[in-house]
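Here it is, the structure, as structure tokens.
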Amino acid sequence: MGAINYTRSEAWTLLNEYTQSTSLLKHALAVEACMGAHGEEQAATRGLSGDERNKLTETYRITGLLHDFDYEKYPSAEQHPFVGNKILAQHGWPEEIREAIMGHAQYSGVARISHLSKALFACDELAGFLTAVSLVKPTKSIFDVDVASVRKKMKDKGFARGVARQDIILGAQELQLDLDAHIDFCIRAMRRQAEALGLAGSDASAASAALSSPV
């Protein structure tokens with residue numbers, strides 16, 4: 001099959017074809033938010049504008065959106081993300097996206113070489129952890145999450161046990177970023193998409209005001 005004109009819309013359609021779980025869909029959106037912010041930063045670093053900037057940013061967003069698209073149907077380590085990679089290849093999705101998705105699984109044997117690959121690995125576990133921290137706040141709001149509260153929860157081994165703290169730490173290291181800076185970066189990115197993530201909190205107007213104020 002020939003290459004498709006891959007877009008964020010196509011990615012969303014594919015994700016929903018394979019994923020019914022609300023929590024998995026929101027996780028995909030959370031990772032997409034963080035990845036989109038990294039894409040914007042990369043575009044600025046490379047001096048891109050116009051269509052080139054948009055294309056690069058969308059590639060980052062799509063990679064975040066699709067990284068676990070096969071997980072609900074093929075959750076075992078023997079299947080995910082290998083089955084998903086085959087599906088994406090059959091439909092002509094770009095190798096750079098497929099390579100990054102393969103690399104986010106430590107056991108896949110695929111090295112993380114590109115910034116896209118490293119960013120996905122760095123954002124995946126962290127986005128899940130930031131969601132978990134948000135949901136235990138009285139307001140269930142990402143606007144009430146800060147670096148200090150995240151670092152405190154990272155030390156609590158009983159909290160969000162499924163999230164690999166070492167992957168969060170390693171991800172920031174691979175991007176050559178200070179961990180606190182990367183946590184803050186992803187918090188800000190997720191705040192921009194708080195409504196879609198269901199993390200705007202019990203007072204959406206207050207959250208909107210917080211978003212427009214300097215942090």
Side-chain angles (χ1 to χ4, degrees), residues 21-39 41 60 63-65 67-68 71-72 75-77 80-81 100-101 103-108 110-112 115-203 206-207 210-211 213-215:
S21 165
T22 299
S23 61
L24 283 176
L25 290 172
K26 286 186 176 179
H27 175 63
L29 290 171
V31 178
E32 179 196 15
C34 297
M35 287 292 286
H38 272 295
E41 190 172 74
Y60 274 73
T63 302
L65 203 60
H67 79 284
D68 278 345
Y71 183 78
E72 187 173 287
S76 72
H80 168 71
I101 291 173
H104 93 277
Q106 288 277 57
Y107 53 82
S108 71
V110 176
R112 293 182 291 276
H115 183 274
L116 182 69
S117 298
K118 294 175 182 178
L120 178 60
F121 180 71
C123 293
D124 183 20
E125 294 291 292
L126 180 55
F129 198 75
L130 294 179
T131 297
V133 175
S134 300
L135 293 176
V136 296
K137 294 290 184 180
T139 57
K140 300 187 185 303
S141 173
I142 186 68
F143 295 95
D144 285 333
V145 174
D146 57 20
V147 174
S149 62
V150 173
R151 291 300 292 258
K152 182 177 181 180
K153 286 294 187 183
M154 283 180 68
K155 296 176 182 178
D156 181 355
K157 296 181 179 179
F159 177 77
R161 294 184 180 183
V163 177
R165 272 70 162 168
Q166 189 55 43
D167 285 358
I168 293 176
I169 296 169
L170 179 59
Q173 290 175 346
E174 288 185 358
L175 285 176
Q176 298 183 332
L177 295 174
D178 173 77
L179 179 57
D180 286 356
H182 189 238
I183 291 171
D184 182 64
F185 180 86
C186 287
I187 289 172
R188 290 170 180 263
M190 287 173 62
R191 284 177 176 177
R192 291 164 59 186
Q193 301 298 325
E195 290 285 352
L197 300 179
L199 300 178
S202 55
D203 187 346
L211 178 60
S213 301
V215 178

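Positions are given from 1, in the same order as the sequence printed here. Computed from a prediction, not measured in an experiment: that's the story for all the values here. Side chains included, hydrogens not; waters and symmetry mates left out as well; all remaining heavy atoms used.
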Where is the tightest heavy-atom contact between Cys186 and Leu130, given as atom of each residue plus distance? CB-CD1, 3.7 Å
Minimum heavy-atom separation for Cys123 to Met35, with atom names?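 Closest pair (atom of Cys123, atom of Met35, distance): SG-SD, 4.1 Å.
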Which pair of heavy atoms, one from Pro81 and one from Tyr107, lies closest together, and at what distance? CD-OH, 4.0 Å
In the structure I gave you, are the side-chain heavy atoms of Leu126 and His182 within less than 4.5 Å of one another anywhere? yes
Any chance you could measure Ile183, atom CD1, to Leu177, atom CG, to the nearest 0.5 Å? 11.5 Å
For the student: nearest non-hydrogen atoms of Met154 and Ile169, plus distance: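 So the minimum-distance heavy-atom pair works out to CE-CG1, 4.2 Å.
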Please check: side-chain N/O of Asp68 versus main-chain N/O of Tyr71, any donor-acceptor pairing under 3.5 Å?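 No, Asp68 side chain to Tyr71 backbone: no donor-acceptor pair under 3.5 Å.
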Taking the side chain as every heavy atom from C-beta outward, state whether Leu199 and Gln193 have any atom pair closer than 4.5 Å. no
Ignoring hydrogens, what is the shortest heavy-atom contact between Leu175 and Ala119? Give both atom names and the distance.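 Minimum heavy-atom separation between Leu175 and Ala119: CD2-N, 3.9 Å.
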Do Leu29 and Leu65 pass the side chain to side chain contact (heavy atoms under 4.5 Å, CB included) test, and can you show the C-alpha distance, the side-chain angles, and the key distance before you say yes or no? CA-CA 6 Å; Leu29 290 171; Leu65 203 60; 4.0 Å; yes
Under 4.5 Å between any side-chain heavy atoms of Tyr60 and Cys34, yes or no?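 With C-beta onward as the side chain, the pair stays apart.
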Glu195 CD to Ile142 CD1 distance, which is reported to the nearest 0.5 Å: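 Glu195 CD to Ile142 CD1: 13.0 Å, rounded to 0.5 Å.
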Under the 3.5 angstrom rule, does the side chain of Glu125 hit a backbone N or O of Ala164 as a donor-acceptor pair?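 Looks like yes, one N/O pair under 3.5 Å.
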Looking only at heavy atoms, which two atoms of Phe143 and Ala194 are closest? And how far apart? CE1-CB, 3.5 Å
Do Thr63 and His104 come close enough that some side-chain heavy atom pair is under 4.5 Å? no
Electrostatic pair Lys152:Asp156 at N-O distance under 4.0 angstrom: no
With a 4.5 Å limit on heavy-atom distance, are the side chains of Thr131 and Met190 in contact? yes
Any side-chain heavy-atom pair of Leu179 and Gln173 under 4.5 Å: no
Measuring from atom NZ of Lys157 to atom CZ of Arg165, what distance do you get when rounded to the nearest 0.5 angstrom? 9.5 Å
Show the numbers, then the answer: is there a side chain to side chain contact (heavy atoms under 4.5 Å, CB included) between Leu170 and Phe121? CA-CA 9 Å; Leu170 179 59; Phe121 180 71; 3.9 Å; yes
Check whether any side-chain N or O of Arg151 sits under 3.5 Å from a backbone N or O of Ser149 as a donor-acceptor pair, and report yes or no. no
Note, Lys153 side chain near Val136 side chain (heavy atom, < 4.5 Å):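 Result yes, sub-4.5 Å side-chain heavy-atom pair found.
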So do the side chains of Phe185 and His38 get within less than 4.5 Å of each other, counting heavy atoms only?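 Yes, their side chains come closer than 4.5 Å.
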